[in-house]
Peer 1: 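Sharing a structure with you now.
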Protein chains: 2
Amino acid sequence: MVSLKDVARKAKVAVSTASLALNNKSRVSPATRRRVAEAARALDYYPHSIARSLKNRRTQTVGFLMGGFGGPVYAEMVQSVHDTLAKHGLDMIVCFAPAFGRLTHGRMLDGAVVLDAPTPNRLLEQVAARDMPMVVMDREFRCPNLRSVLLDNQGGSRAMVAHLLARGLRDLAYVGGPKDSYDSRRRRDGFFAALSEAGLEPTAEVVTDFTEQGGRDAVRGLLAGGARPRALFCANDETAVGALQALAESGLAVPDDVAVTGFDDIELARYTTPRLTTVRVPRVAWGAAAAEALVESLAGRTTPARRTIGVELVLRESSGAPAGEGR
Amino acid sequence: MVSLKDVARKAKVAVSTASLALNNKSRVSPATRRRVAEAARALDYYPHSIARSLKNRRTQTVGFLMGGFGGPVYAEMVQSVHDTLAKHGLDMIVCFAPAFGRLTHGRMLDGAVVLDAPTPNRLLEQVAARDMPMVVMDREFRCPNLRSVLLDNQGGSRAMVAHLLARGLRDLAYVGGPKDSYDSRRRRDGFFAALSEAGLEPTAEVVTDFTEQGGRDAVRGLLAGGARPRALFCANDETAVGALQALAESGLAVPDDVAVTGFDDIELARYTTPRLTTVRVPRVAWGAAAAEALVESLAGRTTPARRTIGVELVLRESSGAPAGEGR
DNA sequence: CTGTTAGCGCCTTCAC
DNA sequence: GTGAAGGCGCTAACAG
């Protein structure tokens, strides 16, 4: 391990001078600067990030707290967060709940992006109180050092309901997600609000866990119970995929007997039979916006405490939209 | 920011004593230990990881170098690597090529797992030479501080070829991936070896970029050129999905006119029409094995320089396997 | 058992 | 323009 001291010795200057020279800081004579640079190169010197961080009180690293990359929704978004941070010279460390406290409290991180519903507000408040800027993507939260970058889930649900109603469908069933998820709750809010504004009530409501399996089971149960909605509004695509399977088993035609819609626009949505009408969540833009917000906070600039990312309806055959649309 | 010094002062002991007490190190009298613990709690003290790392010369963090989480193959594997490392008290920092040198040279990392074909061997050698243990998942490499954990790509290809031949298919075309990918090259090796051992030659060979789009274009080209293979051996699933689309466009039936096989067993493979026969890559086991190998290296234990992870044939309808198999 | 001392590698006043 | 000294927060000898 070659340190600045070694470089200084080789260049026959004091460590401080070597430091200044390498960091282009104060005025150092061109001659010494060159000697130092040369010595550094000769020794293959590389600054020790940890030592530097200790001194600067900045690690150039931000954490991304999430529940797991498992789902098809996250990958692109995480990538986007990473890339955006990288553009600003920041590294990203992926962390799950167990490590989060240690990482933040230990000041291993300069800041964090959070997308993990189970994490309690209290923990976020604690971390924020220790003066660590954060951006949350899965809840509204008013607190110093904390900003929210959220999806317009309600808007998406409303648009979807409007689409279904416009197609003349009236008996809509809601196949929902976990109540501990912000996105899930807001999607539900939008659905119910839109429906009641139209003077309607849902035919049925079931709750699932946002998985394909969960969707299949829920819809099987629904059908077994004798319900015959004209449309299933599923709160995410994976659930909708399960719903399609359950309907196929029962010999019900989609969309002629029952229309099905999802939410997220995962890749799979273009491959189901029929292809799935859904709400596109702009994952790249979402992640980038979150990262940018954090960068601003780190720079000490003031930014809106809350930002909303728009979503977009994607019409395909599962809701009876004309074939060929929605690629 | 409350430091050990504050705790020591509050507990009326020396910093070193406080350190010992909190880390349960040397024998400290129960009374002092308690006083220190209490002071720490009262002050809401948390050790500063960076300072600790500087001293210990260990960051408890390992890097995962990859090309991007984009693809459907990576998510599960990365997750598995992460979880395995977490079990050993290590954090994982995801890094892409541009940041890798800085992170390793700056000793921000204790070690690294590498899965990124474009990264030159030379860089890995440099890093290894700086005494950083690494595990590579995408190349064979003999070098101190470096071990390989690889997929049995050849075995998978051979098994697949055997399956196709057993179904009586003879005119096989190879739809390959990028030549700079280790997995891609090995899959090709296995295919050609198995075929030539059977005394056969491929009908055609095309190269793609492992994407769906690439597969579609390649197969379109193949068909436009007048080729009429009885089976398309695609070197990954995404390519195979593209191939299925191209065949559908041409009105060719799968598997009756042309059989199609993939490699990886991504989720999508169960949803194509017909469902895709492929080689299952055990992503969780693969990631875990890589992580374990790194942990062993970090602990200074000697481990085999190379380990191979087995793969498994998954028969579905696209190769004419009886429906109902392969879930 | 506890305190004193000496760094880890770097950066940054502050004199010269 | 350059060097000496101090300290970031923590740990590990070594004394007492």
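Numbers restart at 1 for each chain; the letters A, B, ... are given by sequence-line order, proteins then strands. These figures come from a predicted structure and were not determined experimentally. Any value given below was found using the heavy atoms of this structure, including those in side chains, with hydrogens, waters and symmetry copies removed.
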Peer 1: Output the rounded distance in Å from CG (Asn56(B)) to P (dC8(C)).
Peer 2: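 Asn56(B) atom CG is separated from dC8(C) atom P by 14 Å.
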Peer 1: Salt bridge or not between Asp44(A) and Arg130(B)? Use side-chain N to carboxylate O under 4.0 Å.
Peer 2: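 Yes, charged N to carboxylate O under 4.0 Å.
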Peer 1: Enter the distance from Asp91(B):CG to Arg102(A):CZ here, rounded to the nearest 0.5 Å.
Peer 2: 4.0 Å
Peer 1: How long is the line joining CG of Asp6(B) and C1' of dG7(D), in whole Å?
Peer 2: 15 Å
Peer 1: For a quick test of reading the model: is some side-chain N or O of Lys25(A) closer than 4.0 Å to OP1 or OP2 of dT12(C)?
Peer 2: yes
Peer 1: Does the distance from a Lys or Arg side-chain N to an Asp or Glu carboxylate O, for Asp6(A) and Arg9(A), drop under 4.0 Å?
Peer 2: yes
Peer 1: Round to the nearest Å and state the distance from Arg27(A) atom CZ to dT13(C) atom C1'.
Peer 2: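 After rounding, the reported distance stands at 12 Å.
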Peer 1: Please determine if a side-chain N or O atom of Arg52(B) lies less than 4.0 Å away from the OP1 or OP2 oxygen of dT11(D).
Peer 2: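 Yes, because at least one side-chain N or O of Arg52(B) sits under 4.0 Å from OP1 or OP2 of dT11(D).
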Peer 1: Establish, with yes or no, whether the OP1 or OP2 oxygen of dG9(D) is under 4.0 angstrom from a side-chain nitrogen or oxygen of Arg57(A).
Peer 2: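 Checking Arg57(A) against dG9(D): at least one side-chain N or O falls below 4.0 Å of OP1 or OP2.
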Peer 1: Out of curiosity, Met137(A) CE to Ile309(A) CD1, how far, rounded to the nearest 0.5 Å?
Peer 2: 8.0 Å
Peer 1: Using a cut-off of less than 4.0 Å, is there contact between a side-chain N or O of Ser19(A) and OP1 or OP2 of dC11(C)?
Peer 2: yes
Peer 1: With sugar-phosphate meaning primed atoms plus P, OP1 and OP2, does Leu4(A) contact a base, only sugar-phosphate, or nothing at under 4.0 Å between heavy atoms?
Peer 2: sugar-phosphate
Peer 1: Nearest of dC10(C), dC10(D), dC1(C) to any side-chain atom of Ala51(A)?
Peer 2: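 Comparing dC10(C), dC10(D), dC1(C) against the side chain of Ala51(A), the answer is dC10(C).
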Peer 1: In whole angstrom, what separates Tyr45(A)'s OH from dC11(C)'s C1'?
Peer 2: 10 Å
Peer 1: Pick the closest DNA chain C nucleotide for Thr32(B) and for Lys55(B) by heavy atoms, then say which residue is nearer the 5' end.
Peer 2: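 Of the two residues, Thr32(B) wins.
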Peer 1: Going by distance alone, is a donor N or O of one side chain under 3.5 Å from an acceptor N or O of the other, for Ser19(A) and Ser16(A)?
Peer 2: no
Peer 1: Identify, between Thr17(A) and Val13(B), the residue whose nearest nucleotide on DNA chain C lies closer to the 5' end.
Peer 2: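 Checking each residue's closest nucleotide, the 5'-ward one belongs to Val13(B).
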Peer 1: Check whether any side-chain N or O of Asn23(A) sits under 4.0 Å from OP1 or OP2 of dC11(C), and answer yes or no.
Peer 2: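 Yes.
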Peer 1: To the nearest angstrom, how far is Leu22(A) atom CG from dC10(C) atom P?
Peer 2: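 Interatomic distance, CG of Leu22(A) to P of dC10(C): 10 Å.
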Peer 1: Roughly how many Å is it from CZ in Arg9(B) to C1' in dT2(C), rounded to a whole number?
Peer 2: 18 Å
Peer 1: Taking 4.0 Å as the cut-off, does a side-chain nitrogen or oxygen of Tyr46(A) come that near to OP1 or OP2 on dC10(C)?
Peer 2: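 Checking Tyr46(A) against dC10(C): no side-chain N or O falls below 4.0 Å of OP1 or OP2.
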Peer 1: Which listed nucleotide (dC8(D), dT11(D), dC10(C)) is nearest to the side chain of Lys5(B)?
Peer 2: dC8(D)
Peer 1: Is Ser16(B) near enough to dG3(C) that one of its side-chain N or O atoms lies under 4.0 angstrom from OP1 or OP2?
Peer 2: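 No, Ser16(B) has no side-chain N/O under 4.0 Å of OP1/OP2 on dG3(C).
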Peer 1: Using the side chain to side chain donor-acceptor pair (under 3.5 Å) rule, pick out the option among His88(A), Arg147(A), Arg301(A) that qualifies with Glu296(A).
Peer 2: Arg301(A)
Peer 1: Among dA12(D), dT2(D), dG9(C), find the nucleotide with the atom closest to the side chain of Leu54(B).
Peer 2: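 Taking heavy atoms from C-beta onward, the closest nucleotide is dG9(C).
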Peer 1: Return the value, rounded to whole Å, for the distance between atom CD1 of Ile50(B) and atom C1' of dC8(C).
Peer 2: 13 Å
Peer 1: Rounded to the Å, how far apart are His105(B) NE2 and dG9(C) P?
Peer 2: 17 Å
